[in-house]
Amino acid sequence: EARPDRRAVEAERYIRTLEAFIELFPRYPERMAAAYLKLLEDCSIEELEARFQCSRRTVFRWAKEGIDLLKKHLMS
């Protein structure tokens, strides 16, 4: 049995992650947007503060909650 190509496995994981963002976004728009920007666009908390025009505490909480929701969704 041949082992799957590493790039193919990574691409599949990335696609599953994007699909999860899309599925969760309508219910949790701020959290998913913050998590997406933090994880996939590598934005800092300071950049998120500026983009969302919210406090550091708010965007940090949104990013953390979004990441937690994403993990839970991907594990189910």
Side-chain angles (χ1 to χ4, degrees):
E1 181 177 322
R3 288 181 49 178
D5 178 27
R6 181 175 168 225
R7 288 191 295 179
V9 170
E10 289 174 3
E12 178 64 30
R13 182 178 302 135
Y14 186 76
I15 290 168
R16 280 196 331 262
T17 301
L18 290 178
E19 289 172 343
F21 275 113
I22 291 166
E23 190 172 331
L24 292 167
F25 186 83
R27 287 179 284 165
Y28 309 101
E30 293 89 357
R31 286 154 184 81
M32 289 298 101
Y36 176 86
L37 291 169
K38 181 78 176 129
L39 293 174
L40 300 180
E41 299 294 329
D42 201 27
C43 288
S44 67
I45 293 297
E46 292 78 17
E47 290 172 305
L48 295 177
E49 281 180 273
R51 286 183 186 223
F52 288 105
Q53 297 182 346
C54 298
S55 71
R56 177 182 193 90
R57 181 178 179 175
T58 297
V59 295
F60 184 84
R61 180 176 48 87
W62 284 349
K64 183 187 179 321
E65 289 175 358
I67 291 167
D68 290 345
L69 287 164
L70 188 64
K71 285 179 183 177
K72 183 178 177 182
H73 184 82
L74 291 169
M75 295 299 223
S76 63

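Quick note: numbers below take in every heavy atom, side chains included, and nothing from hydrogens, waters or symmetry partners. Since this is a predicted model, take the numbers as computed values, not measurements.
- The environment of CD in Gln53 is sparse: at most 12 heavy-atom neighbours from other residues, nucleotides or ligands sit within 6.0 Å.
- Put simply, Leu37 and Tyr14 are part of the same group of oily side chains (I, L, V, M, F, W, Y) that touch within less than 4.5 Å, one to the next.
- In the hydrophobic clustering of ILVMFWY residues, with side-chain heavy atoms under 4.5 Å counting as a link, Ile22 and Trp62 come out apart.
- In this structure, OG in Ser55 is found 7.0 Å from CD in Glu49, a value given to the nearest 0.5 Å.
- A salt bridge does not link Lys72 with Asp68: every distance from a Lys NZ or Arg NE/NH1/NH2 to an Asp or Glu carboxylate oxygen is 4.0 Å or more.
- Thr17 approaches Leu74 most closely through the heavy-atom pair OG1-CD1, 4.0 Å.
- A 6.0 Å sphere centred on CZ of Phe52 holds more than 12 heavy atoms belonging to other residues, nucleotides or ligands.
- Among all heavy-atom pairs drawn from Phe21 and Met32, the shortest one is CE2-O, 3.6 Å.
- Applying the side-chain contact (heavy atoms from CB on, under 4.5 Å) criterion to Ile67, with sequence neighbours excluded, gives Ala35, Leu39, Lys71.
- The two residues His73 and Ala20 make their nearest non-hydrogen contact at CD2-CB, 3.4 Å.
- The environment of CZ in Arg51 is sparse: at most 12 heavy-atom neighbours from other residues, nucleotides or ligands sit within 6.0 Å.
- Side chains of Arg16 and Glu12 form a contact here, defined as non-hydrogen atoms less than 4.5 Å apart.
- Nearest heavy-atom pair, Glu46 versus Arg56, reported as atom, atom and distance to 0.1 Å: OE2-NH1, 2.7 Å.
- Of all non-hydrogen atoms in Ala34 and Val59, the two that sit nearest each other are CB-O, 4.4 Å.
- Atom CZ of Arg13 sits about 13.0 Å away from atom CG of Leu18, to the nearest 0.5 Å.
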Please lay out, stage by stage, how Glu10 and Arg6 fare under the test side-chain contact (heavy atoms from CB on, under 4.5 Å). CA-CA 6 Å; Glu10 289 174 3; Arg6 181 175 168 225; 3.1 Å; yes

